[in-house]
Amino acid sequence: MEKRVRVRFAPSPTGGLHMGGVRTALFNYLFAKKHNGDFILRIEDTDQTRFVAGAEQYIIDALTWCGIAPNEGVGFGDGPHAPYRQSERKATGIYKNYADRLIASGHAYYAFDTSEELEDMRKRLEAAKVVAPQYNAVTRQNMRNSLTLPEDEVKRLIESGAPYVVRLKVPRNEEIRFQDIIRGWVTVNSSQVDDKVLLKSDGMPTYHLAHIVDDIEMQISHAVRGEEWLPSAPAHILIYRYLGLENDMPKLAHLPLILNPDGHGKISKREARFPVFPLSWEDPRDHVPYGGYREAGYYPEAFVNILALLGWNPGDNKEIMSLEEMAALFEFERVSKSGAKFDPEKAKWFNQQYLKSKTDGELAESFRPLLKEKGYEPDDAFLKEYCRLVKEKVQFVNDFWAQGRFIFEEPEKLDEAVLNKKWKDTSAATFTLVLNKFKELTTWDIPSVTACFHEAEAVNGGKIDMQLLRVLVTGASGGPQLFDTIALMGKEKVVARLEKGLKWVVANIEKK
RNA sequence: GGCCCGUUCGUCUAGGGGUUAGGACGCAUCCCUUUCACGGAUGAAACACGGGUUCGAUUCCCGUACGGGCUACCA
């Protein structure tokens with residue numbers, strides 16, 4: 001019988017969760033949803049030296065914002081396997097129990113080497129031109145551990161409280177073969193694997209031991225994680241094997257990494273010219289602030305959509321998909337093996353697609369608070385119309401203000417490039433005519449304003465340059481639909497702008 | 001350096017022994033438009049290289065190159 005699908009996202013709270021981590025969480029989420037399984041959040045806080053206050057809450061907030069909340073685990077309600085924080089699980093003695101089992105069966109051992117002794121070993125090996133210095137089947141013979149020390153000495157050391165670690169006893173030369181759902185068969189020789197530390201001298205398990213114990217205990221069916229774990233997977237296979245759990249271990253899926261669009265390597269928060277965090281993040285240690293996708297104006301649906309298509313696709317050409325649609329289509333067989341460079345331009349396009357699908361009312365509601373910050377609180381009808389005009393021009397609600405700011409505030413200057421290019425000796429008379437026509441107008445709406453302009457053209461005896469009118473009224477060479485904008489601004493404002501603009505242009509622009 | 005993983009337009013990717021190698025972003029041109037966009041159409045743009053296997057390879061195999069990851073009592 002197939003195991004119930006239970007997957008976990010297991011970050012360590014060492015900082016803000018970046019977009020790569022979110023994507024790992026997302027794939028876990030999609031897979032769980034597709035199979036009506038469980039999605040668990042487990043916090044892997046076994047490294048006390050790297051613990052960062054607030055990081056755990058950030059992870060919870062980020063997953064929530066993205067709409068991919070786990071249904072079990074830290075921050076999302078305890079399930080049958082509580083606690084879900086490894087530091088708390090350690091208190092139950094669970095990790096030590098498993099380590100003891102490995103020691104009892106002869107697959108793990110105590111090591112008493114100090115960090116200086118380890119350092120010396122590495123130096124010695126490097127001096128001897130050993131390419132990959134490591135604590136392994138060969139070098140452990142010369143170190144202080146329970147395999148080299150007499151039994152009573154080991155006993156004495158432990159009883160005296162001497163610090164020790166527990167290491168995995170990796171065989172010297174053995175082919176380790178395992179299957180990855182995404183990559184197929186992977187083979188590594190055990191000579192490439194070092195005697196990994198399982199239990200640290202502070203009693204905490206390392207990732208290698210802890211995640212295996214927890215995946216077994218929590219009955220995880222699939223371990224989905226980043227490609228950076230591929231090299232240590234053989235060691236993990238060995239641990240499962242020595243524990244007699246190879247048949248119960250989760251299936252493995254190593255996700256390709258998200259790469260920097262320019263430059264090299266995986267995405268780094270320092271050099272990126274785009275947000276790398278879902279939510280803004282400030283590390284309490286150095287107080288360097290980083291912007292987030294939320295603050296940049298991305299819709300969570302868009303953000304998650306972008307991420308999903310970085311390394312996965314449904315097989316047809318569909319790109320805009322809801323979480324539900326993606327979950328229905330998701331499978332690891334369609335996850336690519338190679339890393340994907342993130343394209344910030346395409347990310348913006350995705351957001352634009354989502355923005356275009358919103359109603360004017362929805363847009364008005366999301367723009368209202370931003371506008372209030374600027375000191376303006378127009379009525380609903382005005383705001384909706386504003387959004388209708390401006391939405392076709394932008395990718396983010398955050399840009400709504402800049403796009404139509406001139407409607408609220410007088411422009412500081414008029415676009416001189418356009419004026420210099422197009423202003424003619426007859427222009428002043430032409431636009432005075434337009435101004436006067438506008439002044440006479442009693443009904444001020446889109447059809448009336450449009451008709452009024454056409455009347456002016458009739459009197460003028462020819463087309464009147466709309467871009468010049470645009471500059472005179474709005475200051476800019478481009479912007480939303482002109483007549484619609486003029487109608488929205490109201491007669492008083494338009495007339496005043498036109499008068500003032502005309503005066504300024506006559507005094508400052510050279511005629512053609 | 002060693003080990004592991006990878007390599008289709010600039011980017012994300014579809015495809016897969018015989019295809020005009022498809023789509024999307026971006027870019028260019030045109031159409032729509034008396035302004036600005038949206039939209040529509042079109043175009044430029046890719047199978048890393050060298051050997052095999054085969055009637056035939058971009059697709060399978062092997063090398064090389066390039067890219068990425070790992071190489072801690074970090075995850």
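What you are looking at is a predicted structure, and each value in this text was computed from that prediction instead of being measured. Note on naming: letters A, B, ... go to the chains in the order of the sequence lines (proteins, then strands), and numbering restarts at 1 for each one.
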Seminar exercise, completed: Contacts of A:P231 and A:H454 projected onto RNA chain B by closest heavy atom; the upstream (5') one is A:H454
Problem set entry | side chain to side chain donor-acceptor pair (under 3.5 Å) evaluation trace for A:Q395 with A:Y354 | CA-CA 9 Å; A:Q395 294 156 322; A:Y354 280 86; over 6 Å; no
Exercise. Just to confirm, is there a sub-4.0 Å distance from OP1 or OP2 of B:G15 to any side-chain nitrogen or oxygen of A:R334?
Worked result: yes
Exercise. With a 3.5 Å cut-off and no angle check, do the side chains of A:H254 and A:R225 form a donor-acceptor pair?
Worked result: yes
Exercise. If you measure from the C1' atom in B:U13 to the same atom in B:C74, how many Å do you get, rounded?
Worked result: 34 Å
Seminar exercise, completed: Taken to the nearest whole Å, CZ/A:F342 to P/B:G10 is 20 Å
Exercise. Does A:K196 have a side-chain nitrogen or oxygen under 4.0 Å from the phosphate oxygens OP1 or OP2 of B:C73?
Worked result: no
Problem set entry | Integer angstrom distance from the P of B:A14 to that of B:A72 | 34 Å
Exercise. If we call it a pair only when both distances are under 3.5 Å in a Watson-Crick or G-U wobble match, what pairs with B:C32?
Worked result: none
For this session: With heavy atoms under 4.0 Å as the rule, sort A:D343 into base, sugar-phosphate or nothing.
Result: base
Exercise. Paired with B:U20 by Watson-Crick or G-U wobble geometry, both distances under 3.5 Å: which nucleotide is it?
Worked result: none
Problem set entry | Closest-nucleotide ordering on RNA chain B, the 5'-leading residue of A:Q353 and A:S115 | A:Q353
Give the table of side-chain donor-acceptor pairs shorter than 3.5 Å for residues 127-136 of chain A, with sequence neighbours excluded, one pair per line with atom names and distance.
from, atom 1, to, atom 2, distance (Å)
A:Q134, NE2, A:S191, O, 3.0
A:Y135, OH, A:D113, OD2, 2.5
A:Y135, OH, A:N145, ND2, 3.1
A:N136, OD1, A:V138, N, 3.0
A:N136, OD1, A:T139, N, 3.0
A:N136, OD1, A:T139, OG1, 3.2

For this session: Answer yes or no: does a side-chain N or O of A:T46 lie under 4.0 Å from OP1 or OP2 of B:A75?
Result: yes
Problem set entry | B:G68 and B:G26, which share atom name C1', separated by this distance in whole Å | 25 Å
Exercise. Distance check: side-chain N/O of A:H264 vs OP1/OP2 of B:G68, anything under 4.0 Å?
Worked result: yes
For this session: Classify the nucleic acid contact of A:D316 as base, sugar-phosphate or nothing, counting any heavy atom under 4.0 Å across all strands shown.
Result: nothing
Side chains of residues 474-483 of chain A: which donor-acceptor pairs under 3.5 Å do they make with residues two or more places apart or in other chains?
from, atom 1, to, atom 2, distance (Å)
A:T474, OG1, A:R470, O, 2.8
A:T474, OG1, A:A476, N, 3.1
A:T474, OG1, A:A476, O, 3.4

Exercise. Would you say the ring centroid of A:F178 lies under 6.0 angstrom from that of A:W185?
Worked result: no
Exercise. With a non-hydrogen cut-off below 4.0 angstrom, is A:L257 in contact with a base, only sugar-phosphate, or nothing?
Worked result: sugar-phosphate
Exercise. Of all the nucleotides listed (B:G6, B:A24, B:C73), which has the minimum atom distance to the side chain of A:K200?
Worked result: B:C73
Exercise. Base, sugar-phosphate, or nothing for A:E345, non-hydrogen atoms under 4.0 angstrom?
Worked result: sugar-phosphate
For this session: Grab the NZ-P distance between A:K337 and B:U8 for me, whole Å please.
Result: 12 Å
Exercise. Reckon A:S336 touches a base, only the sugar-phosphate, or nothing at all at heavy-atom distances under 4.0 Å?
Worked result: sugar-phosphate
Problem set entry | Under-3.5 Å donor-acceptor pair between A:S201 side chain and B:C73 base | yes
For this session: Could you state the atom-to-atom distance from CG of A:D47 to C1' of B:C74 in whole Å?
Result: 5 Å
Exercise. Without hydrogens or angle criteria, can the side chains of A:E174 and A:N189 be said to hold a donor-acceptor pair below 3.5 Å?
Worked result: no
For this session: Please state whether the phosphate of B:G6, meaning OP1 or OP2, lies under 4.0 angstrom from any side-chain nitrogen or oxygen of A:R183.
Result: no
Exercise. For A:K266, which contact category applies under a 4.0 Å heavy-atom criterion: base, sugar-phosphate, or nothing?
Worked result: sugar-phosphate
Exercise. Can you find an N or O donor on one side and an acceptor on the other, under 3.5 Å apart, linking the side chain of A:E457 with the base of B:U34?
Worked result: yes
Exercise. Hey, do the aromatic rings of A:F406 and A:F408 have their centres closer than 6.0 Å?
Worked result: no
Exercise. When the P atoms of B:G67 and B:C9 are considered, how many whole Å apart are they?
Worked result: 16 Å
Exercise. What interatomic distance, in whole Å, is found between C1' of B:C70 and the corresponding atom of B:U19?
Worked result: 40 Å
Exercise. What is the distance from CG of A:L329 to P of B:A14, rounded to the nearest Å?
Worked result: 14 Å
Exercise. Is any side-chain nitrogen or oxygen of A:N317 closer than 4.0 Å to OP1 or OP2 of B:A14?
Worked result: no
For this session: Would you indicate what A:L468 reaches in the nucleic acid, counting non-hydrogen atoms under 4.0 angstrom: base, sugar-phosphate, or nothing?
Result: nothing
Exercise. With both distances under 3.5 Å as the test, what is the Watson-Crick or G-U wobble partner of B:A57?
Worked result: none
For this session: Quote, to the nearest angstrom, the C1' distance that separates B:U58 from B:G15.
Result: 10 Å
For this session: Would you indicate what A:G311 reaches in the nucleic acid, counting non-hydrogen atoms under 4.0 angstrom: base, sugar-phosphate, or nothing?
Result: sugar-phosphate
Exercise. Under 4.0 angstrom, heavy atoms only, what part of the nucleic acid is A:V197 near: base, sugar-phosphate, or nothing?
Worked result: sugar-phosphate
Problem set entry | Base-pairing assignment for B:C27 (Watson-Crick or G-U wobble, both under 3.5 Å) | B:G43
Exercise. Is A:K96 atom NZ crowded by more than 12 heavy atoms from other residues, nucleotides or ligands, each under 6.0 Å away?
Worked result: no
Exercise. For A:D194 and B:C74, what is the distance between atoms CG and P respectively, to the nearest whole Å?
Worked result: 12 Å
For this session: Name the pairing partner of B:G67, where a pair is Watson-Crick or G-U wobble with both distances under 3.5 Å, or state none.
Result: B:C5
For this session: Using both distances under 3.5 Å as the test, list the Watson-Crick or G-U wobble partner of B:G50, or none.
Result: B:C62
